> 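Before I ask anything, here is the structure I am working with.
Basis for what follows: all heavy atoms, side chains included, without hydrogens, waters or symmetry-related copies. Keep in mind that this is a model prediction, so the values were computed, not measured. Letters go in sequence order (proteins before strands), and every chain restarts at 1.
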Amino acid sequence: MSTPSAAARGPAVGTVREITLAQAIREALAEEMRRDPRVFLLGEDVAEAGTPFKVLSGLVDEFGPQRVIDTPISEAGFVGIAVGAAMTGMRPVVDIMFGDFLTLAMDQIVNQAAKVHYMSGGKLKVPLVIRTTLGATRRSAAQHSQSLHAWFAHIPGLKVAVPSTPYDAKGLLKTAIRDDNPVLFFEDKMMYQVKGPVPEEEYTIPFGVADVKRPGRDVTLVATSSMVYVALEAAELLEQDGISAEVVDPRTIFPLDVETLVRSARKTGRVVVVDEGHRRYGVTAELAATIAEEAFYDLEAPVRRVGALDVPVPFSPVLEDQTVPTPEQVASVARELCGRN
Amino acid sequence: MPREVIMPALGMAQETGKVLRWWRSEGEEVRQGEPLLEVETDKANVEIESPASGVLARVLAREGDEVPVGQVIGWILLPGEEPSELPAAPVSAPAAAAAAVSTEEVLGPPTVAEPAPVRPRASPKARRLAREMGVDLRSVQGSGPGGAILASDLQRLTEAAPASELPHVWKLMAERTARAWSTVPHFFLQRDVRADRLVAWHQALRQRLQVELTYTDLLVKLVATALRAHPEVNARWEDGRIRRLPDVNVGIAVATEHGLVVPVVHRADELPVERIAQRRAELVDRARAGRLRPEDVDGGTFTISNLGMYGVDRFLAVVNAPQAAILSVGRLADRVVAEEGRPVVRPTLSLGLACDHRVLDGARAARFLETLAAWVEEPLALLDFGR
């Protein structure tokens, strides 16, 4: 996976280093834990193991087992603990190793965390962050490869972040921890080793602000999470055909920066939405519909969706690679919209 | 592509229309705009004109049939088109009797065949642009996927038609109005005035004078005197300051073949009406002949634009920068006005004042308009204005 130079969004001052997305996440957590003693981590294998993806390595050494808590394999249980802790004033950050395991904690997330603030008449808040993963192609088979972020964006009361770069991941995670609402924070498990520029200085990125990762004229590629890299590679392919593609990264799918998406759609008149969730009833559908509603009279072609195939992710590598969006596929759809296929 | 004849919606709430009579039968030629059939609605009988020139190739609703509005009731083959280009006949009707679709068949949606799509394939953006440009999409060649018309096809259309070279006067007008509109902060006042005394004045004076006298001449006199009474209006914005001007020079907007020009009646406040009329006649002649000299158009301090002779009731103008204001004059006509609680018919006219807000504010402009209105309503008041 290449690191896009256009993704550099560091402030002009101070030192900017190239670090991995995993390091950026770890930095965000460490900084927030130093800043606020109410912040603590819990989940499976988060302490000494530092998660299977080694994202949290070393945190237990600095903050101790009281603030970096290993749990049993019991998602419903420890998410419930976190919801309760959040209601009573703590700021827990839960680690759900594979996004697929969110299914086990759905009641705690959807029926409790998302609802408590409303049902208590605003008396209670749930400042909870659930960090988890999405994304296929790790050869992890159907129960460890899903991208289920759309489910949570559907639920009022939850916010959903889908960062694509180390810079965005760090800034958004710090915002998520400081947010008084439950936030689902999805990291593509294939992106942890992606490197990108991150300033040493403190910064945060507000939710609901999309980022144009690459400016262009002829077609807009809206892409989330690791699909941003797919879209950027597609843009390179398109450039060889003389098609100038703009890549827009919403960064959070709720709240959603409709204005930036629509502005880009109005400019180019053609939009492809790319997301790694299943195409059916997915994030791509919501974004495409929103763009069509707002920018209809500036569109030159129907808004097209590119998502994962509507099949359980296969274990066979050959088959698995067929199920997720590729740069070639995105470029091909974009060429069709431009009448250049 | 053959053109469809559609049962039109002639009223807001109309749902169906009844075919009373076809003026052409199948196979007969018809020209666009000629009466093609007569339709009865719940309110009236209406003649429907042919939407195209060609041959009435197929009639789908017989005389006496009641048909939902929007329904295709016939097809016209354009010159050069073959009957085979017509869409398939309705399934329910035998080919020979395709013309006759009974009311039940027409009203029962499943039995009616889909007419061929006459909507050309076009992107939403192209559709919007075509609407804004007043372009019929059927006349545009599409370059998009599947022959779809794209915005660029419409843009090419406007580029393809080369703009004719503009006369110098028109270019000047375009340049000046564009600059004035974009740089002068405009505001507008409007006031309706009684004009019976103005009419009386015009009639009385016209008989005595040797020259042709127009209402514009009288307005030049009234405006010039009002400007003398309100020197703050006889001013201009100059480098961040307001400069009052010593002379009252009233410009008159004159439409010519080549565009708008504004010749000036200099020191109009000092001229008797007769001299104003002479000067105006001379200037208009020169303007129409394209022979205005620089001294005829220089030095204006205020402009009057009168579109009353074109039947315009009221309008607002663009300030003739650097002047501070422009008066727009509508049609002098009998109108019903309220007077002492009763409707009375009187000649009235509408005055519009567009102002540069850097030179004038609403109150100052309104006071000027107040004076002007009072004098239009009673020109004798001029006698009381001494300098």
Side-chain angles (χ1 to χ4, degrees), chain A residues 216-222 234 237-239 241-246 248 258-273 284-285 287-306 328-341, chain B residues 1-4 6 8-9 12 51 69-72 85 87 109 113-163 178 181-182:
Chain A
R217 283 187 321 274
D218 302 326
V219 60
T220 298
L221 310 177
V222 178
L237 296 174
L238 290 165
E239 189 167 347
D241 298 331
I243 296 171
S244 160
E246 176 152 302
V248 182
V258 175
E259 196 188 323
T260 299
L261 299 185
V262 168
R263 195 187 310 127
S264 180
R266 290 214 167 106
K267 182 170 83 169
T268 62
R270 298 175 177 89
V271 184
V272 183
V273 188
T284 54
L287 300 190
T290 301
I291 291 165
E293 279 175 356
E294 301 279 328
F296 184 77
Y297 292 105
D298 289 285
L299 292 178
E300 292 272 44
V303 181
R304 290 283 300 271
R305 297 172 289 152
V306 178
E328 292 72 24
Q329 189 191 356
V330 173
S332 158
V333 171
R335 270 188 222 107
E336 260 177 59
L337 292 189
C338 297
R340 301 275 289 278
N341 50 330
Chain B
M1 185 177 288
R3 284 292 295 276
E4 38 186 27
I6 285 171
M12 293 267 280
V69 302
Q71 175 107 38
V72 178
E85 292 178 55
E114 279 275 298
V118 265
R119 251 166 87 93
R121 219 175 142 85
S123 78
K125 185 176 185 179
R127 263 181 213 293
R128 175 174 60 79
L129 286 175
R131 201 165 50 239
E132 286 168 8
M133 293 161 64
V135 170
D136 184 350
L137 279 174
R138 281 172 298 218
S139 67
V140 182
Q141 184 76 33
S143 69
I149 300 163
L150 304 179
S152 55
D153 297 323
L154 287 154
Q155 279 145 9
R156 208 168 302 129
L157 210 65
T158 53
E159 283 159 19
W181 186 250
S182 54

> Between Ser152(B), Pro124(B), Ser143(B), who has the most heavy-atom pairs with chain A when the cutoff is under 4.5 Å?
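Most heavy-atom pairs within the cutoff with chain A belong to Pro124(B).
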> Can you say whether Arg121(B) sits under 4.5 Å from chain A via the side chain, the backbone, both, or neither, judging by heavy atoms?
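No part of it gets close to chain A.
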> Tell me which of these, Ala151(B), Ala148(B), Gly144(B), has more heavy-atom pairs under 4.5 Å with chain A than the rest.
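Most heavy-atom pairs under 4.5 Å with chain A: Ala151(B).
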> Side chain to side chain contact (heavy atoms under 4.5 Å, CB included) with Val273(A): which of Leu287(A), Thr220(A), Val330(A)?
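Single pass found, and it is Leu287(A).
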> Could you tell me whether the side chains of Ser264(A) and Glu246(A) share a donor-acceptor contact shorter than 3.5 Å?
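Glu246(A) and Ser264(A) do have a side-chain donor-acceptor pair below 3.5 Å.
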> Ser123(B) and Ala301(A): which non-hydrogen atoms are nearest, and at how many Å?
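So the minimum-distance heavy-atom pair works out to CB-N, 4.3 Å.
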> Provide the closest heavy-atom pair for Leu221(A) versus Ala334(A) in the form atom of the first, atom of the second, distance.
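Closest pair (atom of Leu221(A), atom of Ala334(A), distance): CD2-CB, 4.2 Å.
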